[in-house]
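A short worksheet on the structure shown next.
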There are 2 protein chains.
Amino acid sequence: MIRVENLSKIYRPDTLPVRALDGITISIKPGEYVAIMGPSGSGKSTFMNLIGCLDKPTSGSYWLDGEEISQVTADELAFIRNQKIGFVFQNFNLLPRMTALRNVELPMLYAGVNKLKRRELAREALERVGMLDRLDHRPTELSGGQNQRVAIARALVNHPKVLLADEPTGNLDSKTSEEIMNIFTDLHKEDTTIVLVTHEPDIARNSQRIIYFYDGVIEKEELTSSS
Amino acid sequence: MIRVENLSKIYRPDTLPVRALDGITISIKPGEYVAIMGPSGSGKSTFMNLIGCLDKPTSGSYWLDGEEISQVTADELAFIRNQKIGFVFQNFNLLPRMTALRNVELPMLYAGVNKLKRRELAREALERVGMLDRLDHRPTELSGGQNQRVAIARALVNHPKVLLADEPTGNLDSKTSEEIMNIFTDLHKEDTTIVLVTHEPDIARNSQRIIYFYDGVIEKEELTSSS
Ligand SMILES: Nc1ncnc2c1ncn2[C@@H]1O[C@H](COP(=O)(O)OP(=O)(O)OP(=O)(O)O)[C@@H](O)[C@H]1O
Ligand SMILES: Nc1ncnc2c1ncn2[C@@H]1O[C@H](COP(=O)(O)OP(=O)(O)OP(=O)(O)O)[C@@H](O)[C@H]1O
Ligand SMILES: [Mg+2]
Ligand SMILES: [Mg+2]
């Protein structure tokens, strides 16, 4: 489903190059549930942005669902992204002047879903993450963990083939984290391919395989007991 | 050092009131190290914003360092805040168009520290959190955990009497979290009063006392083995 070969990303190539990713080769099968761990600054979010079609690599190849897409145009990238990928950002990236409900409806607007259906599916997604009583609040009127849950609802609402979640439980208490992890497990049972970045070993153990990043390269991998 | 009595905060009082804080009474001694835990949406950040002089309560009293300040003007609040408080925000709140270095220098600019000294102290604070090699990066050019560390450096740089940290390790790997907790422990030994919001029990156990919030009220308190 997701395959990268020798993927690299160098920021500031002309001044003081930062080798955020230095030749990553990974293969993730359809329906697989993978976790990514590693120190702060080791390239995890950079990797997620590349496979999430939000940015292009400096070099290397990327196949998504069988299609090589490292050199497509920005428009094509946006189209593929909206079709196949649900993304939970590390800093949520919600639109600050829209309510929680509107923020969750947004991916469906791009996908051409009609207004009544958008509203219904958005409410359903918000209910799933326990946020139905706050759907008319804007991001500044929500707590950190509430914003995180709205971002998760937005990522799920289009029933994507691939769910990419960059530290989705960083602002959640243990009970709420567990509820989110149960949602991910349900999605996994429904054959969603999941890539989850986390700093917490207990969260990572929900996956089938953990990949460890270090300084822009893959340091090691391990299978979990759920594989 | 910090005392609140019957402190309340009601958002949207005229439409659909949200009782974010519902009569909080807490007393924190000078030099005490307290942790706050509780479910997402239970009022922790709201409480921190009130004691951090970033917002005013709907009702109730607040004494900071012996002075009752629940009714002072916005200017007086800003002055007190800059004088006495270092604040690590849950969402960092760094200025996006300034470099890490400039962001950390900012509190000292308000405190009237000269340019050379600002630069020196900012570099020192960034070194303390392991961010010296990224001081010319702007927030969008930094990882989540790097941004969090810059926010921590900014909170420490003025050597505040009171350090308020709202989930300061949410984006950090375990090794970096430990380094940050060691910094807090050192500050505590230097008599800084510390209030730390966290979702992680291991992080909370660095404090002397843990206060549990639930639905805008205090549910219970417990002393830790470090008290
Ligand atoms: N400006 C606002 N307008 C309306 N409601 C608000 C506003 N700010 C916060 N709230 C509500 O107040 C409640 C408490 O929010 P707060 O940010 O204090 O929670 P928290 O304990 O810090 O949660 P988390 O652990 O998720 O960060 C939440 O239910 C939130 O929706
Ligand atoms: N736009 C940019 N320009 C320059 N350097 C960048 C840029 N974006 C990221 N970096 C650098 O690339 C490296 C990798 O960043 P990345 O965000 O992928 O780390 P991460 O593993 O997600 O870290 P964290 O766990 O702290 O979120 C970091 O050292 C960061 O400073
Ligand atoms: Mg990251
Ligand atoms: Mg909060």
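Since we're looking at a predicted model, the values are computed, not measured. Below, chains carry the letters A, B, ... as their sequence lines are ordered, and counting in each starts from 1.
Considering every non-hydrogen atom in both Asn171(B) and Gln90(A), the closest pair reads OD1-NE2, 2.9 Å. Considering all non-hydrogen atoms of both residues, Ser143(A) and Gly41(B) come closest at OG-N, 3.7 Å.
Atom-to-atom distance recorded for Ser40(A):OG and Met131(B):CE is 7.5 Å, nearest 0.5 angstrom.
Counting only heavy atoms from C-beta outward, the side chains of Ser174(B) and His199(A) never approach each other to under 4.5 Å. At least one side-chain heavy atom of Asp136(B) sits under 4.5 Å from a side-chain heavy atom of Arg12(A).
Residue-environment remark: CD (Glu221(B)) exceeds the threshold of 12 foreign heavy atoms within 6.0 Å. Residue-environment remark: CD (Glu219(A)) exceeds the threshold of 12 foreign heavy atoms within 6.0 Å. Within 6.0 Å of CZ in Arg128(B) there are more than 12 heavy atoms belonging to other residues, nucleotides or ligands. In Arg209(A), the CZ atom is crowded: over 12 heavy atoms of neighbouring residues, nucleotides or ligands sit closer than 6.0 Å.
Between chain A and the residues His137(B), Glu141(B), Glu200(B), Arg134(B), the most heavy-atom pairs under 4.5 angstrom are made by His137(B). In terms of heavy-atom pairs under 4.5 angstrom with chain A, the leader among Thr176(B), Leu142(B), Leu16(B), Leu172(B) is Leu172(B). With chain B as partner, the option from Val18(A), Thr198(A), Thr46(A) having the largest number of non-hydrogen pairs under 4.5 angstrom is Val18(A). In terms of non-hydrogen atom pairs under 4.5 Å with chain B, the most contact-rich of Pro39(A), Gly43(A), Ser45(A), Ser177(A) is Pro39(A).
Neither the backbone nor the side chain of Asn91(B) comes within contact range of chain A; no heavy atom of the residue lies under 4.5 Å from a heavy atom of that chain. Looking at Asp166(B), there are no atoms closer than 4.5 Å to chain A (heavy atoms on both sides), in backbone or side chain. Using a 4.5 Å cut-off between heavy atoms, Gln146(B) contacts chain A through both its backbone and its side chain. Residue Gln148(B) does not touch chain A at all, counting heavy-atom pairs closer than 4.5 Å.
With sequence neighbours excluded, the residues that form a side-chain contact (heavy atoms from CB on, under 4.5 Å) with Arg81(B) are Cys53(B), Leu54(B), Ala78(B).
The pair Asp173(A)-Lys44(B) fails the salt-bridge criterion, with no side-chain N (NZ, NE, NH1 or NH2) lying under 4.0 Å from an Asp/Glu carboxylate O.
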